[in-house]
Trainee: 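Mind having a look at this structure? Questions to follow.
Read the numbers this way: they start at 1 and go in the same order the structure lists the ligands and their atoms.
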Amino acid sequence: MAKSTLSFVCQNCGAAYNRWQGKCESCGEWNTLAEEDTTGSVPVSIRSKRRGRTFALESLTGKSNDAPRLSSGMTELDRVTGGGFVRGSVLLVGGDPGIGKSTLLTQATSMLARAGHRAVYISGEEAVAQVRLRAERLGLADAPVQLAAETSVEDIVSTLSEGAVPRLIVIDSIQTMWTDTVESAPGTVTQVRASAQALIRFAKKSGAAIILVGHVTKDGQIAGPRVVEHMVDAVLSFEGEGSQQFRILRAVKNRFGPTDEIGVFEMTGLGLREVSNPSELFLSERDLGSPGTAVFAGIEGTRPVLVELQALVAPTTLGTPRRAVVGWDPSRLSMVLAVLEAHCGVKLSGYDVYLNVAGGLRIQEPAADLAAAAALVSSLVNAPLPTDAVYFGEISLSGAVRPVAQTSARLKEAAKLGFGRAVLPESARGEVGSDGGLTLNTVGGLTSLVAEIAARGSPRNGGAGNREASREGVTEKNATPARFRRENS
Ligand code: TYD
Ligand code: MG
């Protein structure tokens with residue numbers, strides 16, 4: 001009989017220790033060590049003295065078939081996976097509870113089953129009746145999906161080995177699965193890792209594509225072991241604000257496709273609806289004509305996406321003013337604020353600054369710098385930006401506005417959605433192919449843009465602007481462009 005080995009395993013990163021300690025030295029988290037029985041986690045074959053068999057080595061230039069893909073029937077899902085599920089591959093889908101993972105995967109399995117493929121949905125969290133109820137609500141109850149509520153990996157593998165090989169198997173969720181080969185409780189790192197290993201082995205051997213659903217911890221990582229992320233072929237993250245209808249599926253890792261594509265969905269009473277033109281959706285609830293908003297012409301993967309940036313700059317009562325940002329990189333905001341202070345004479349140290357990307361989108365491009373700066377200054381001087389303008393460009397530490405990739409794609413999308421002008425880096429002018437009839441407003445440095453917005457702000461200090469100014473928490477004195485002290489003026 002195998003000797004029983006107890007060890008303390010970090011539930012965050014999977015590092016193992018032979019005594020308990022408060023802090024995991026590997027990932028730095030506190031109180032994450034739990035006692036686990038790791039008996040049997042080293043397969044007997046590794047410990048045995050068997051001589052290895054020989055295998056043929058191949059050259060790089062050999063002929064291989066393209067990864068055979070299976071379209072899910074949902075364009076947005078296919079876009080993120082890189083064109084469909086690859087045979088024998090394993091995908092991990094993570095996301096907050098209630099974000100719609102089970103809904104998305106019920107829809108995907110139903111589409112495949114309706115197209116005549118064998119699709120299996122194994123739920124470890126919900127009873128068969130609950131899954132059926134959801135399918136009914138989605139209008140998919142007639143799809144020939146094979147359904148079970150099971151948690152034993154060995155039972156699942158033996159059941160699915162019989163009959164035709166399933167084209168897609170959904171395991172909802174990996175945290176509820178357990179295998180006989182290890183002794184730890186379900187949900188622990190050792191169990192999750194061993195269960196995932198067994199399922200991945202089955203996928204590679206049989207050629208079935210498997211989707212594992214994974215829970216997300218409060219700081220956004222897929223709960224349990226990060227090691228599962230390394231074991232699978234692709235990791236998709238399903239995101240969205242609870243209060244918003246939009247859901248964004250993003251590839252975090254993909255061995256068979258790009259990782260910068262996003263899929264956009266809208267949660268409706270009848271399940272997830274695919275959104276093929278995200279810009280229209282993100283701009284649908286625009287607050288036209290209010291100060292502090294700027295439309296950013298961005299690129300997500302291969303697709304241009306227009307989205308509104310909202311800024312609020314308000315006098316602070318705190319010693320250290322607050323800087324809060326949703327949907328963008330906080331260090332990027334700090335940099336833009338520093339450049340505004342250092343090169344454009346905009347004093348922001350007495351103000352709280354809030355920046356929000358509308359619609360729950362998360363922007364990663366530095367191209368959003370210019371739109372963020374425009375929104376911030378617009379809020380500070382209480383002057384709305386032109387409602388028909390889009391902004392894009394990267395700001396360098398010297399205050400120069402630098403060109404960004406795919407200028408013409410951004411302009412084309414803006415023109416398509418009815419915008420009349422674009423504010424963009426001066427050096428990008430050469431790249432502009434067809435601008436679709438947009439008025440191009442090029443800026444070489446941030447100073448000139450700030451001066452232009454500040455000039456728009458001045459007439460509001462006279463009469464009509466006052467009421468709005470106090471509503472925004474910006475006093476009349478604050479709203480005068482006199483604060484734009486230029487060092488040389
Ligand atoms: P679910 O797929 O169960 O989330 P997860 O598996 O990620 O935990 O989705 C749960 C939420 O989605 C729930 O709050 C209700 C909502 N929902 C709809 O709005 N419309 C629908 O058609 C369905 C099925 C769910
Ligand atoms: Mg679920």
Trainee: Could you name the option among Lys101, Gln245, Arg134 that has the heavy atom nearest to atom 24 (C) of ligand 1?
Mentor: Arg134

Trainee: Salt bridge check: are Arg303 and Glu300 linked by an N-O gap of less than 4.0 Å?
Mentor: no

Trainee: Identify the protein heavy atom lying closest to atom 23 (C) of ligand 1, giving its residue, its atom name and the separation to 0.1 Å.
Mentor: Arg137 CZ, 3.8 Å

Trainee: Strictly under 2.8 Å of the Mg ion (ligand 2): which protein N/O/S atoms qualify?
Mentor: Ser102 OG

Trainee: Using a cut-off of 6.0 Å, state whether more than 12 heavy atoms not belonging to Arg255 lie near its atom CZ.
Mentor: yes

Trainee: Should Arg332 and Glu394 count as an ion pair when the cut-off is N to O under 4.0 Å?
Mentor: yes

Trainee: Does at least one non-hydrogen atom of Gly98 fall below 4.0 angstrom from an atom of ligand 1?
Mentor: yes

Trainee: Considering only heavy atoms from C-beta outward, does the side chain of Gln191 approach that of Gln175 to under 4.5 Å?
Mentor: no

Trainee: Which atoms of ligand 1 are found less than 4.0 Å from any heavy atom of Leu138?
Mentor: 22 (O), 24 (C)

Trainee: Using the side chain to side chain contact (heavy atoms under 4.5 Å, CB included) rule, take Phe419 and Glu413 through it: C-alpha gap first, then chi angles, then the decisive distance, then the call.
Mentor: CA-CA 9 Å; Phe419 284 85; Glu413 178 78 357; over 6 Å; no

Trainee: Can you tell which part of Leu270 has a heavy atom less than 4.0 Å from ligand 1: side chain, backbone, both or neither?
Mentor: backbone

Trainee: Among all protein heavy atoms, pick the one closest to atom 16 (C) of ligand 1 and tell me residue, atom and distance.
Mentor: Met267 CE, 4.0 Å

Trainee: Only counting residues at least two apart or in another chain, list the ones meeting side chain to side chain contact (heavy atoms under 4.5 Å, CB included) with Thr109.
Mentor: Ala119, Tyr121, Val145, Leu168, Val170

Trainee: For atom 6 (O) of ligand 1, which of Ser102, Gly100, Gly271 has the closest heavy atom?
Mentor: Ser102

Trainee: Taking only heavy atoms of Pro97, which atoms of ligand 1 are found under 4.0 Å from at least one of them?
Mentor: 8 (O)

Trainee: So, Arg79 and Glu274, do they make that salt bridge, N to O below 4.0 Å?
Mentor: no

Trainee: Which option wins on minimum heavy-atom distance to atom 1 (P) of ligand 1: Leu140, Thr103, Val131, Leu105?
Mentor: Thr103

Trainee: Does atom 11 (C) of ligand 1 have a protein non-hydrogen atom under 4.0 Å from it?
Mentor: yes

Trainee: With the threshold set at 4.0 Å, does a side-chain nitrogen-carboxylate oxygen contact exist between Lys253 and Glu229?
Mentor: no

Trainee: Taking all non-hydrogen atoms of both residues, which atom of Asp180 and which atom of Trp178 are closest, and how far apart?
Mentor: OD1-CZ3, 2.9 Å

Trainee: For Thr268 and ligand 1, answer yes if some heavy atom of the residue is under 4.0 Å from a ligand atom, otherwise no.
Mentor: yes

Trainee: Would Leu417 and Glu280 satisfy side chain to side chain contact (heavy atoms under 4.5 Å, CB included), going step by step from the backbone distance to the final call?
Mentor: CA-CA 8 Å; Leu417 287 163; Glu280 259 165 35; 3.6 Å; yes

Trainee: Please step through side chain to side chain donor-acceptor pair (under 3.5 Å) for the pair Thr268 and Glu266, ending with a clear verdict.
Mentor: CA-CA 6 Å; Thr268 69; Glu266 185 182 9; over 6 Å; no

